[in-house]
Amino acid sequence: MGFFKNKITRLQMVTERGNGFYVWNGNIYQSDIVLSCLHPYVKAVGKLVGKHIRKTLIQDGSIKIDTNPDAYIRFLLEEPNPYMTGQKFQEKLATQLRLNGNAFAVIIRDSAGLPKEIYPIPATGAEAKYNDNGELFLKFYFLNGKSFLFAYSDIIHLRQDFSDNDIFGNSIAPALTPLMEIVTTTDQGIVKAVKNSGVVRWLLKYNKSMRPEDLEDGSEKFAKSFLGINSVGGVAATDAKADAQQIEPKDYVPNASQMEKTTQRIYCLFNTNIKIIQSIWTEDEWNSYYEAEIEPIAIELAGEYTRKIFSRRERGFGNAIIFDALNLTCASMSTKLSMRDMVDRGALTPNEWREVMNLAPIAGGDKPVRRLDTAVVGEKKGGDE
């Protein structure tokens, strides 16, 4: 224990155990409202494409840019581990991040120190510890009772609502729980009202005093005769000794306005709306959602991957990981066709434009092209003096 200092920040995923981070116990994730808010976010993050970029300064002052120059990094981004693709890996991290305010993944390195696999960490709790040299370690606790200790330099850690804690982000649970209690109570009231509405109650009023056993016997005979499945034509008769009266059940059903307000408050917590959820957005509406929700995590993923996969020396030589959002281009056909002007001016390669159009790449399409009537500023065009 002398290896670590006394400063420990604890993270609990289910119930509070101190200054740390807490996650859902699984019940909230089963809510249809929560799932509908999560789906657009998670699917969009999964569509981000990780790429290894290397920028090299040439002697003439220009910068050479290579995409995926090292095969092992490209494989790591496409297949982080043997059990999932990069898309599913990013979706898993996005789900953990959105519900819990934190998402963790551990980098497994080979004997040479190169990253070979990345695994998400489905822990129930975590503790942040510092050793005598001030290095940060995270100790994770799992459902089977085991625990593992990893150096923070090998942990990809995504955070949101990062405020009062030095290491961990804040969960959405405290704000979402009371709203979900309202939704649960409302749903239960509706189910109960629907069930009761199908029950017809009857009151037999006898015109003279009767013994309790005679009242019970009369009720049973009436139920068998009038409410029984085998009654002919659904008709039964009573004599003058009793009157049959139907009693309509009255149950409280929450009005639509109350339900809508609670749902809207949940949407606001997830920074979404019904158009995003039902995929009936316009280009501008989706772009607003992308810039507010998806772009920040794309930037955070790029930063975490870059600083945890590459050393400072490697980053000094221009190595970086970026997450391309070209697959998230949600534009009309006219907008996509207008992007051909970007190809003419060398801003997009032909294959990048074809990817927007959902077309397969072509040979030679990864090289930028430029129309003959355009040139770099300061350069002479053919035939000009």
Side-chain angles (χ1 to χ4, degrees), residues 1 4-29 31 33-34 37-38 41-42 45 90 92-106 120-143 147-182 262 264-272 289 291-308:
M1 294 299 293
F4 293 103
K5 294 181 178 180
N6 292 327
K7 183 179 179 181
I8 297 177
T9 301
R10 180 168 291 171
L11 169 111
Q12 176 63 24
M13 306 269 188
V14 179
T15 57
E16 184 172 352
R17 289 196 320 186
N19 183 23
F21 153 75
Y22 320 101
V23 304
W24 297 113
N25 58 10
N27 294 332
I28 298 298
Y29 188 71
S31 166
I33 299 179
V34 173
C37 294
L38 283 176
Y41 176 82
V42 170
V45 173
Q90 291 162 206
K92 192 172 185 66
L93 290 184
T95 301
Q96 293 179 352
L97 176 65
R98 203 66 186 91
L99 285 180
N100 306 318
N102 293 264
F104 304 97
V106 59
I121 303 178
T124 60
E127 290 180 352
K129 298 184 176 183
Y130 296 85
N131 66 8
D132 295 333
N133 296 324
E135 296 175 315
L136 176 61
F137 290 77
L138 294 185
K139 185 176 183 179
F140 294 97
Y141 298 91
F142 299 89
L143 287 173
S147 63
F148 291 92
L149 187 71
F150 300 108
Y152 193 69
S153 58
D154 290 330
I155 297 293
I156 293 176
H157 183 193
L158 307 180
R159 293 167 281 195
Q160 68 180 20
D161 296 330
F162 185 44
S163 58
D164 56 337
N165 193 284
D166 294 339
I167 304 300
F168 305 114
N170 293 321
S171 173
I172 198 176
L176 187 58
T177 298
L179 295 177
M180 294 309 303
E181 291 177 352
I182 296 175
T262 303
Q264 287 297 328
R265 291 174 65 185
I266 295 175
Y267 288 168
C268 289
L269 276 179
F270 286 95
N271 200 16
T272 187
Y289 178 74
E291 292 181 3
E293 287 295 300
I294 310 303
E295 189 174 30
I297 190 175
I299 295 174
E300 187 176 12
L301 278 169
E304 277 293 284
Y305 269 74
T306 298
R307 74 191 190 103
K308 297 300 176 63

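Throughout, residue positions are numbered sequentially from 1 according to the sequence presented.
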Do the side chain of Asn133 and the main chain of Glu135 share a donor and acceptor less than 3.5 angstrom apart?
no

Any side-chain heavy atom of Leu176 within less than 4.5 Å of one from Val34?
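A side-chain contact under 4.5 Å exists here.
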
Quick check: do Leu97 and Gln160 have side-chain heavy atoms less than 4.5 Å from each other?
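Yes, close enough: below the 4.5 Å cut-off.
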
In residues 264-271, what donor-acceptor pairs under 3.5 Å come from side-chain atoms, sequence neighbours left out?
{"residue": "Gln264", "atom": "NE2", "partner": "Glu260", "partner atom": "OE2", "Å": "2.8"}
{"residue": "Asn271", "atom": "ND2", "partner": "Glu293", "partner atom": "OE2", "Å": "2.9"}

Residues which pass salt bridge (charged side-chain N to carboxylate O under 4.0 Å, His left out) with Asp161, listed by chain and number, not counting sequence neighbours
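Scan of Asp161 (salt bridge (charged side-chain N to carboxylate O under 4.0 Å, His left out), adjacent residues dropped) gives none.
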
Scan for salt bridge (charged side-chain N to carboxylate O under 4.0 Å, His left out) pairs involving residues 295-307, sequence neighbours excluded, and state none if there are none.
Glu304-Arg307, Glu304-Lys308

Locate the shortest heavy-atom distance separating [X] from [Y]; write the atom from each residue and the value.
X      : Y      : result
Phe162 : Phe168 : CD1-O, 3.6 Å
Pro120 : Lys92  : CG-CD, 3.6 Å
Leu149 : Phe137 : CD1-CB, 3.8 Å
Ile172 : Leu99  : CG2-O, 3.4 Å
Leu93  : Ala103 : O-CB, 3.4 Å
Ala94  : Tyr41  : O-CE2, 3.6 Å

Residues in side chain to side chain contact (heavy atoms under 4.5 Å, CB included) contact with Ser147, at least two apart in sequence or another chain:
Lys139, Tyr141

For Tyr152, give me all partners under ring-ring contact (aromatic ring centres under 6.0 Å, His included), at least two apart in sequence or on another chain.
His157

Applying ring-ring contact (aromatic ring centres under 6.0 Å, His included), name anything that partners Phe148, two or more places apart in sequence or on another chain.
Phe142

Check against side-chain contact (heavy atoms from CB on, under 4.5 Å), Ile155 and Ile121
CA-CA 9 Å; Ile155 297 293; Ile121 303 178; 3.7 Å; yes

With rounding to the nearest 0.5 Å, note down the distance linking [atom1] in [X] to [atom2] in [Y].
X      : Y      : atom1 : atom2 : value
Thr306 : Leu301 : OG1   : CG    : 10.0 Å
Glu127 : Leu138 : CD    : CG    : 10.0 Å
Asn170 : Asp164 : CG    : CG    : 4.5 Å

